[in-house]
Amino acid sequence: MDEGDWRGYLSAFHEERPGVTERVLARCAGDPYGWLTEPLETTTGWIVDLACGSAPTRDRLAGHRWVGVDGSAGELAVAAARGRGPLVRADAEALPLAAGSAEAVCAAMSLQLLTPLDEVLTRVRRVLRADGILAALVPARLGFDPRGLLTWVRVLRALGVRGQSWPNPGACDGIGGLLTARGFRVLSSRRRVFGFPVDSAEALGTLLDGLYLPETSPERIAAARESLRGWARPGRRLPIPLRRVLARP
């Protein structure tokens with residue numbers, strides 16, 4: 001899938017199911033968004049939430065000088081309905097913010113998706129103060145977890161795929177090296193596994209809705225939903241491995 005097709009898919013995905021990423025991560029024990037925003041709690045300057053979606057970080061940073069930026073009208077409508085603001089509609093590679101205006105940029109589950117990534121990161125460096133910080137949350141590898149691997153294999157086989165498709169796979173576990181190569185100084189890179197409870201058909205539906213599957217037909221996804229319905233039960237959990245990286249420009 002070329003960049004134009006991917007951008008079209010991504011736009012439609014978030015217009016059709018706004019807030020879905022928040023719905024998935026909100027079910028996970030341990031609060032992934034809280035983990036991401038924890039290093040920003042002492043921030044006194046402006047925090048820019050890049051590709052903020054439904055703006056779940058706003059609730060974790062209440063009282064801070066925060067602004068959410070996203071290109072999806074549907075996502076921003078959900079954020080506004082939940083009283084999360086201020087909000088700006090703009091693409092990540094064209095942030096309409098002054099140079100050096102932000103003390104922090106927060107990027108929750110977005111760097112693996114945004115294109116062209118080089119332009120996005122150039123904009124991030126531009127808006128950050130010299131002593132500012134980028135806090136990013138991205139997917140990570142599962143690692144050695146046989147039980148977790150088997151549960152994911154069950155889901156992926158039903159969908160007929162080997163994994164999710166992202167235009168920037170290097171922005172997952174390789175995010176540290178990617179940022180270093182683009183002039184950032186990485187302060188820390190930590191991996192943590194969160195558990196998603198697949199304890200009902202509703203939870204299963206939320207999980208499947210949150211997966212990026214640009215080359216999988218709606219019919220195949222519907223068939224997977226049906227075939228896995230009986231598999232979802234109380235006590236069933238899927239591991240969600242994530243990586244948090246902190247870096248300075």
Engineer: Any Lys/Arg nitrogen of Arg89 or Glu75 sitting under 4.0 Å from an Asp/Glu carboxylate oxygen of the other?
Structural biologist: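 Salt bridge: no.
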Engineer: Can I get a per-line list of side-chain donor-acceptor pairs under 3.5 Å for residues 36-46, giving both atom names and the distance, sequence neighbours left out?
Structural biologist:
from, atom 1, to, atom 2, distance (Å)
Thr37, OG1, Tyr33, O, 3.0
Thr37, OG1, Gly34, O, 3.4
Thr43, OG1, Leu40, O, 3.0

Engineer: With side chain to side chain contact (heavy atoms under 4.5 Å, CB included) as the criterion, how do Val245 and Val138 come out once you've worked through the C-alpha distance, each side chain's angles and the decisive distance to 0.1 Å?
Structural biologist: CA-CA 8 Å; Val245 63; Val138 294; 5.8 Å; no
Engineer: Should we say atom CD of Glu202 is surrounded by more than 12 heavy atoms from elsewhere, each under 6.0 Å from it?
Structural biologist: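 Not more than 12 within 6.0 Å, no.
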Engineer: Is there a side chain to side chain contact (heavy atoms under 4.5 Å, CB included) between Arg141 and Cys172? Walk through the geometry before answering.
Structural biologist: CA-CA 8 Å; Arg141 294 187 185 92; Cys172 297; over 6 Å; no
Engineer: Taking atom CD of Glu93 and atom OG1 of Thr115, what is their separation to the nearest 0.5 Å?
Structural biologist: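 Rounded to the nearest 0.5 Å, the CD-OG1 separation comes out at 7.0 Å.
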Engineer: Take Glu215 and Arg220 through the test salt bridge (Lys or Arg N to Asp or Glu O under 4.0 Å) and record every step on the way to the result.
Structural biologist: CA-CA 10 Å; Glu215 297 179 354; Arg220 183 62 188 256; over 6 Å; no
Engineer: Check whether any side-chain heavy atom of Leu211 sits under 4.5 Å from a side-chain heavy atom of Leu159, and report yes or no.
Structural biologist: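 When only atoms from C-beta onward are counted, Leu159 and Leu211 do touch, with a gap below 4.5 Å.
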Engineer: Can you check whether Ala224's main-chain N or O pairs, donor with acceptor, with Arg229's side chain at less than 3.5 Å?
Structural biologist: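 No: the side chain of Arg229 does not pair with the backbone of Ala224.
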Engineer: Quick check on the hydrophobic clustering: are Val193 and Met109 connected, directly or via other members, by side-chain heavy-atom contacts under 4.5 Å?
Structural biologist: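 They do not share one cluster, since no chain of ILVMFWY contacts under 4.5 Å joins Val193 to Met109.
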Engineer: Is there a donor-acceptor contact under 3.5 Å linking the side chains of Arg185 and Thr180?
Structural biologist: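 No - no donor-acceptor pair under 3.5 Å links their side chains.
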Engineer: To check you understand the geometry: which heavy-atom pair defines the closest contact between Trp66 and Gly68, and what is its length?
Structural biologist: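 The answer is CZ3-N, 3.2 Å.
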Engineer: Quick check: do Val198 and Leu228 have side-chain heavy atoms less than 4.5 Å from each other?
Structural biologist: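 With C-beta onward as the side chain, the pair stays apart.
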Engineer: Between Glu22 and Arg84, is there a salt bridge with N-O shorter than 4.0 Å?
Structural biologist: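 Salt bridge flag = yes for Glu22 with Arg84.
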Engineer: Side chains of Leu87 and Asp70, heavy atoms from C-beta outward: is any pair under 4.5 Å?
Structural biologist: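 No. Closest side-chain heavy atoms not under 4.5 Å.
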Engineer: Looking at Arg192, I'd like to know if its CZ atom is crowded, meaning that more than 12 non-hydrogen atoms belonging to other residues, nucleotides or ligands lie closer than 6.0 Å.
Structural biologist: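 Count over threshold, so yes.
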Engineer: So that I can tick it off, tell me whether Asp199 and Arg236 are bridged by a salt bridge, with the cut-off set at under 4.0 angstrom between side-chain N and carboxylate O.
Structural biologist: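 The answer is no: the pair does not qualify as a salt bridge.
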Engineer: State, yes or no, whether a side-chain contact exists between Pro96 and Val88 at a heavy-atom distance under 4.5 Å.
Structural biologist: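 Result yes, sub-4.5 Å side-chain heavy-atom pair found.
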Engineer: For Phe13 and Tyr212, take the angle between the two ring planes, folded into 0 to 90°, and tell me which bin it lands in: parallel under 30, tilted 30 to 60, perpendicular over 60.
Structural biologist: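 Rings of Phe13 and Tyr212: parallel, as their planes differ by under 30°.
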Engineer: Answer yes or no: is there a donor N or O on one side and an acceptor on the other, between the side chain of Ser101 and the main chain of Leu97, under 3.5 Å?
Structural biologist: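 Flag not set: sc Ser101 to bb Leu97 has no pair under 3.5 Å.
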Engineer: Dump the intermediate steps for side chain to side chain contact (heavy atoms under 4.5 Å, CB included) on Leu246 and Leu134, then the final yes or no.
Structural biologist: CA-CA 6 Å; Leu246 305 176; Leu134 166 65; over 6 Å; no
Engineer: Identify the heavy atoms of Ala201 and Ala232 that sit nearest to each other, and give their distance.
Structural biologist: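 Closest heavy-atom pair between Ala201 and Ala232: N-CB, 4.3 Å.
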Engineer: Crowded around Arg191 CZ? As in, over 12 foreign heavy atoms under 6.0 Å?
Structural biologist: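 Enclosed: over 12 neighbouring heavy atoms sit under 6.0 Å from CZ of Arg191.
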Engineer: Looking at Glu15 and Gly74, would you say the former's side chain and the latter's main chain have a donor-acceptor pair under 3.5 Å?
Structural biologist: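 Flag set: sc Glu15 to bb Gly74 pair under 3.5 Å.
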Engineer: Would Val69 and Leu95 count as a side chain to side chain contact (heavy atoms under 4.5 Å, CB included) if you check the C-alpha gap in whole Å, the side-chain angles of each, and the deciding distance to 0.1 Å?
Structural biologist: CA-CA 8 Å; Val69 181; Leu95 290 174; 3.7 Å; yes
Engineer: What I want to find out is whether Arg182 reaches Glu119 closely enough, with some N-O distance under 4.0 Å, to be called a salt bridge.
Structural biologist: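 Salt bridge: no.
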Engineer: So, are Asp31 and Arg60 salt-bridged, with charged N and O less than 4.0 Å apart?
Structural biologist: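 Yes.
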Engineer: With a 4.5 Å cut-off on side-chain heavy atoms, are Asp145 and Arg147 touching?
Structural biologist: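 SC-SC contact between Arg147 and Asp145 confirmed.
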Engineer: If you measure only the distance, is there a donor-acceptor pair under 3.5 Å linking the side chains of Trp6 and Ser165?
Structural biologist: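 No, Ser165 and Trp6 have no side-chain donor paired with an acceptor closer than 3.5 Å.
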Engineer: Quickly, which of Leu61, Val67, Ile133 forms a side-chain contact (heavy atoms from CB on, under 4.5 Å) with Ile47? Name it, please.
Structural biologist: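 Going through the options one by one, the only one that passes is Leu61.
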Engineer: State, yes or no, whether a side-chain contact exists between Val155 and Thr151 at a heavy-atom distance under 4.5 Å.
Structural biologist: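 No - every pair of side-chain heavy atoms lies 4.5 Å or more apart.
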Engineer: Does the pair Asp131 and Arg248 meet the rule for a salt bridge (Lys or Arg N to Asp or Glu O under 4.0 Å), with working shown?
Structural biologist: CA-CA 7 Å; Asp131 61 346; Arg248 294 200 187 280; over 6 Å; no
Engineer: For Asn168, enumerate each residue passing the side chain to side chain donor-acceptor pair (under 3.5 Å) test, keeping only those at least two apart in sequence or located in another chain.
Structural biologist: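 Asn168 satisfies side chain to side chain donor-acceptor pair (under 3.5 Å) with no residue once adjacent residues are dropped.
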Engineer: If you look at every heavy atom in Pro18 and Val78, which pair is closest and at what distance?
Structural biologist: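 Between these two residues, the closest heavy atoms are CB-CG2, 3.7 Å.
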Engineer: Would you call Leu242 and Ile240 a side-chain contact if the rule is heavy atoms closer than 4.5 Å?
Structural biologist: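 Yes. Closest side-chain heavy atoms under 4.5 Å.
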Engineer: With sequence neighbours excluded, give me every ring-ring contact (aromatic ring centres under 6.0 Å, His included) pair touching residues 175-197.
Structural biologist: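 Of all non-adjacent pairs touching residues 175-197, those that pass ring-ring contact (aromatic ring centres under 6.0 Å, His included) are Trp35-Phe194.
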Engineer: So that I can tick it off, tell me whether Asp209 and Arg225 are bridged by a salt bridge, with the cut-off set at under 4.0 angstrom between side-chain N and carboxylate O.
Structural biologist: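 A salt bridge links Arg225 with Asp209.
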Engineer: Could you check whether any side-chain heavy atom of Val161 comes within less than 4.5 Å of a side-chain heavy atom of Leu213, counting everything from C-beta outward?
Structural biologist: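 A side-chain contact under 4.5 Å exists here.
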